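Heads up, the thing below is written out as structure tokens.
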Amino acid sequence: MVILALALPTWAGITYVGLVRARRGDELPRPRLSRPPRTPAKKAAWIAALAYLAGGALHLYGLSYMPFLFPEDACWFKAGTKTYPDHSSALPVSLVCRGTEIVPWWVNPGLLVLGGTAVAATVTSAVLTIRRRRRTSR
């Protein structure tokens, strides 16, 4: 195992560098040119995409508490009582069995924060893109 984990990658790296030097001469490989830095609009778009993705995952987690085909099973598996839910809704995520809220307390505030972040970052990205295009067109 040590041979596969340490020796083989080392040998492959030495062989690759040797082949590159043989092809180009005795110099080291040229470094790749760095790409231009990300614009603030692109950073905001990445933040928005991550917030949308995390919000979607959190909402799916919250929906895992909802009753679908057999409503009494939601209370049975989540609260331990074989009854129909008193109340359930998808937004805000809520499941009430015998007066007790079953969905964790942090799901709805998390959805609110992630949704607000996603919308704000989307608007910021659009505004920064429009400003940049107007500046470059003058």
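Remember, predicted model here, so these are calculated numbers, not experimental data. Computed from heavy atoms alone, side chains included, the values below leave out hydrogens, waters and symmetry copies.
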Quick one: side chains of residues 52-59, donor-acceptor pairs under 3.5 Å with protein atoms, not counting sequence neighbours, listed by atom name and distance.
residue	atom	partner	partner atom	Å
Y52	OH	T122	OG1	3.3
H59	NE2	A90	O	3.0

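- Between P85 and V96, the closest side-chain pair of non-hydrogen atoms is not below 4.5 Å.
- Between E72 and T83 there is no side-chain heavy-atom pair separated by less than 4.5 Å.
- For the pair T39/L128, no side-chain contact is recorded, criterion being any heavy-atom separation below 4.5 Å from C-beta on.
- Considering only residues two or more places apart in sequence or on other chains, D73 meets the salt bridge (charged side-chain N to carboxylate O under 4.0 Å, His left out) condition with K82.
- Summarising the geometry of L95 relative to V103, their closest heavy-atom pair is N-CG2, 3.7 Å, with the distance given to 0.1 Å.
- For the atom pair CG of N108 and CG of L91, the computed distance is 7.5 Å after rounding to the nearest 0.5 Å.
- Legend: salt bridge (charged side-chain N to carboxylate O under 4.0 Å, His left out) pairs involving residues 48-69, not counting sequence neighbours: none detected.
- With sequence neighbours left out, Y65 forms a ring pair (Phe, Tyr, Trp, His ring centres under 6.0 Å) with Y61.
- Pairs passing the disulfide bond (SG atoms under 2.5 Å apart) check and including a residue from residues 104-138, sequence neighbours excluded, do not occur.
- For the pair D86 (side chain) and C97 (backbone), a donor-acceptor distance under 3.5 Å is absent.
- Contacts of S94 classified as side chain to side chain donor-acceptor pair (under 3.5 Å), with partners at least two apart in sequence or in another chain: E101.
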